[in-house]
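No hydrogens, no waters, no symmetry mates; every other heavy atom, side chains included, goes into these values. Every chain is numbered from 1, with letters handed out A, B, ... down the list of sequences. Keep in mind that what you see is a predicted model, and the values were worked out from it rather than measured.
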Protein chains: 2
Amino acid sequence: MIKEDSNLIGVKEIARRANVSIATVDRVLHKRGGVAAKTKQRIEEIIKEMDYKPNMLAKRLASKKIYRFAVLIPEESKETEYWKLPLDGIKLALEEEGIFGVEVTYYLFDLDDRNSFTEQGKKILATPIDAVIIAPSFITEAMEFSKTCMEKKIKFVFINSDIPLITPLSYIGPDLYQSGRMAGNIAHYLIKDKGVLVLNISKELDATYHLVKKTEGFESYLREKDSITQIHKLTLNQTDYESVSLELEKFLQYNEVDLIFVTNSRVFVVAEYIKEKGLPIKLIGYDYLESNLKFLEDGEIDFLISQQPVKQGYIAMQTLYNYFITSEDVMKIQHMPIDVLTKENYKYYKL
Amino acid sequence: MIKEDSNLIGVKEIARRANVSIATVDRVLHKRGGVAAKTKQRIEEIIKEMDYKPNMLAKRLASKKIYRFAVLIPEESKETEYWKLPLDGIKLALEEEGIFGVEVTYYLFDLDDRNSFTEQGKKILATPIDAVIIAPSFITEAMEFSKTCMEKKIKFVFINSDIPLITPLSYIGPDLYQSGRMAGNIAHYLIKDKGVLVLNISKELDATYHLVKKTEGFESYLREKDSITQIHKLTLNQTDYESVSLELEKFLQYNEVDLIFVTNSRVFVVAEYIKEKGLPIKLIGYDYLESNLKFLEDGEIDFLISQQPVKQGYIAMQTLYNYFITSEDVMKIQHMPIDVLTKENYKYYKL
DNA sequence: GTTCTAATTGTGTACGTACACGAAGTTATC
DNA sequence: GATAACTTCGTGTACGTACACAATTAGAAC
């Protein structure tokens, strides 16, 4: 018999009320079967009645199952310093959530080499894995990889950018279009009468899907405001200073602009150029990077837009965690805030 | 004797290596004394060697001590809708951290009545309490209350604004001066040749310490940029629409401005006025509130600055939690990011 | 009724830490 | 050398949940 000790808590209390053992309650809670229909019903009622919330501490302490996650994102380099940040977020989440029960392996690919994505992807598929965090930088390759994951019942989330036609467990990243509109909004205050240049700088053309989205948003905003502003567009697929400055030189020979909007984090290259030439051109770009902040502080860059790269990693991890360990519902789309940074507030920006 | 089972973990493993029982290890870990000097040393070495990190889950599960926290902040009202947000943050933290071991009581005072602060404060001091989260809206009263707390060894943190001369366990809130500078930065893009009006709207004059700080920052930025911009200042201590519009009417009769900068969340009152009169005046103000967002969407308000009110509550709670339960070091000052909101990005702003 | 199988339920131990209590061992006191 | 008093240390139970295994009961077959 169960003792009449009241003020019990959790499964014990349920067991007492239902006059069964905690194991039976456990079976119901985990839908493990093997419980008589009416017992089950009785227990379920009590659970509802008590509004029972399992103690997560105890739960995780007692559960020994290990989930294996993989991370497939670009490696950090001087040119793509950015990718350190989402990685930091992932690691942070791992620490905070208490490492118990998750094992993460990192597979980093080269943003300048689409094959490296596929290679790393293959490595992942060769290991027993429950889920992957993917930065789908190369559309075709990412689509293929995603499909294989779906076949193998491996869950995956996208961070930083999404790709068409594929629905991951969750997308964690900016609303690219709206991000462009935000830039347009600011730009509108900076453009006088000479117009603006939208600048895409990227080696792998495939990686420009999200640049295009931003450009669209940007244009749409300006066009709504007025239809006369000159909007020039330029795409460069060499990222080094020499190439960029050369192209800019050429462009500016025949055109005048108030503002340059760089659609990704390589805005520092342009800033360098503007600084060197001492041009009176305003500059908007992306991402909280050392190389950009320098120019923000100095005044060459007027605005930086940042979309919480660290948080993206953090939330991606958390999302998988919630899905697997606490089996919560996960949101299909988790858009990041669109943060506006200037010289005056960037120091307070928490990544 | 201890069994030679290897791959033990945590205290057990320490105990095995030191050839003592886990209770002895526990004594060392908690500095509870009653351990022979050389035993203690041996254990401490092993702890360091292993880089032992206690399992927080187990720790919290096993610990039954209850900490009692109080929260002393303004109550929410139509006029101060704002204060719901930090409260939400506090509650959110409570949920996420797992309610175990903390008991929170709320004491809300009336922002229009300084005595209510003192009254609620007295109530708090009459209960056994470990720490308080304070919004020190009234300087004198908050100073007095803080001092009593210090005498009684009650820890306290400030949120949203700090006060001079008092050092709480931690200050969680904006850098007011810099927040003003940020506003100045934006303002600089909006001001043409007619100058700007800095508008303080607040009933209790004492609650304006942080408005003053913001104003200082705002001015300092504009003055650095140029010394000719006309900066008007106006303080209103009636907050209702009639009074405000009356005063604005009077002011605008003799002055022209490009921009009005409202130093707190009551910017919606001004927006209403501008809308009604159809004035071509830009508007910057504070805080992500329903009443403000409406005007942001409609275009009367151009920029809102927000300083993560929910997060302030969340972090305040987390800070106390870390201090008491996990006895981590806490940062004396935890400044919030200075977020810039416009029509284009506010929907993505996570509170 | 007996025996056997399947369905149902209970017991016990583990997770890593906290802490009450009690068991040794040591030193002091007469 | 016996007793007290203190120092030092170990045993055992608890926290709330998970799960392996054992135990009980019900139903079927003879």
Over how many whole Å does the gap from [X] atom [atom1] to [N] atom [atom2] extend?
| X | N | atom1 | atom2 | answer |
| --- | --- | --- | --- | --- |
| Leu57(B) | dC15(C) | CG | C1' | 10 Å |
| Gln41(B) | dC9(D) | CD | P | 13 Å |
| Ile43(A) | dT8(C) | CD1 | P | 13 Å |
| Asp26(B) | dG12(D) | CG | P | 17 Å |
| Ile22(B) | dT17(C) | CD1 | P | 9 Å |
| Asn55(B) | dA18(C) | CG | P | 10 Å |

Between Ala23(A) and Lys53(A), the residue closer to the 5' end of DNA chain D by nearest nucleotide is Lys53(A)

For [N], take OP1 and OP2 only and decide whether either is under 4.0 Å from a side-chain N or O of [X].
| X | N | result |
| --- | --- | --- |
| Thr39(A) | dT9(C) | yes |
| Tyr52(A) | dG16(D) | no |
| Thr24(B) | dC9(D) | no |
| Lys12(B) | dC15(C) | yes |

Could you give the side-chain donor-acceptor pairs of residues 29-39 of chain B under 3.5 Å, partners two or more places apart or in another chain?
from: His30(B); atom 1: ND1; to: Asp26(B); atom 2: O; distance (Å): 3.0
from: His30(B); atom 1: ND1; to: Asp26(B); atom 2: OD1; distance (Å): 3.4
from: Arg32(B); atom 1: NH1; to: Asp26(B); atom 2: OD2; distance (Å): 3.0
from: Arg32(B); atom 1: NH2; to: Asp26(B); atom 2: OD2; distance (Å): 2.7

Start with the C-alpha gap between Phe324(A) and Phe69(A), add the side-chain angles, then the distance that decides, and say whether ring pair (Phe, Tyr, Trp, His ring centres under 6.0 Å) holds. CA-CA 11 Å; Phe324(A) 283 100; Phe69(A) 299 157; 5.5 Å; yes

Bending between helix ends of the helix from dG1(C)-dC30(D) to dC30(C)-dG1(D) [5 pairs per end, 10° resolution]: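 That helix has its two terminal axes inclined by roughly 70°.
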
Counting heavy atoms from C-beta on, name the nucleotide in dG16(C), dC19(D), dT11(D) closest to the side chain of Ala58(B).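 Out of dG16(C), dC19(D), dT11(D), the nucleotide with an atom closest to Ala58(B)'s side chain is dG16(C).
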
Side chain of Ile9(A) - closest among dG16(D), dA20(D), dA18(C): dG16(D)

So with a 6.0 Å cut-off around CE of Met50(B), is the heavy-atom count from everything else above 12?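 It does: Met50(B) CE has more than 12 such atoms within range.
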
Are Lys147(B) and Glu151(B) ion-paired here, with the side-chain N under 4.0 Å from a carboxylate O? no

Classify the ring geometry of Phe109(A) against Phe117(A): parallel below 30°, tilted from 30° to 60°, perpendicular beyond 60°. perpendicular

Residue list, ring pair (Phe, Tyr, Trp, His ring centres under 6.0 Å) with Phe156(B), at least two apart or on another chain: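 Once residues adjacent in sequence are excluded, the partners of Phe156(B) under the ring pair (Phe, Tyr, Trp, His ring centres under 6.0 Å) criterion are Phe158(B).
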
Decide whether a cation-pi geometry holds between Lys91(B) and Tyr106(B); the criteria are a distance under 6.0 Å from NZ or CZ to the six-membered ring centre and an angle within 45° of the ring axis.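 Yes; both conditions hold, so Lys91(B) lies above the ring face of Tyr106(B).
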
Contacts of type side chain to side chain contact (heavy atoms under 4.5 Å, CB included), residue Glu75(B), not counting sequence neighbours: Leu108(B), Asp110(B)

Kindly write out the residues that satisfy side chain to side chain contact (heavy atoms under 4.5 Å, CB included) with Ala18(B), not counting sequence neighbours, or none if the list is empty.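 For Ala18(B), the residues satisfying side chain to side chain contact (heavy atoms under 4.5 Å, CB included) (neighbours in sequence not counted) are Val20(B), Arg42(B), Ile43(B), Ile46(B).
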
For DNA chain C, what residues of residues 27-38 of chain B have any heavy atom nearer than 4.0 Å? Arg27(B), His30(B), Arg32(B)

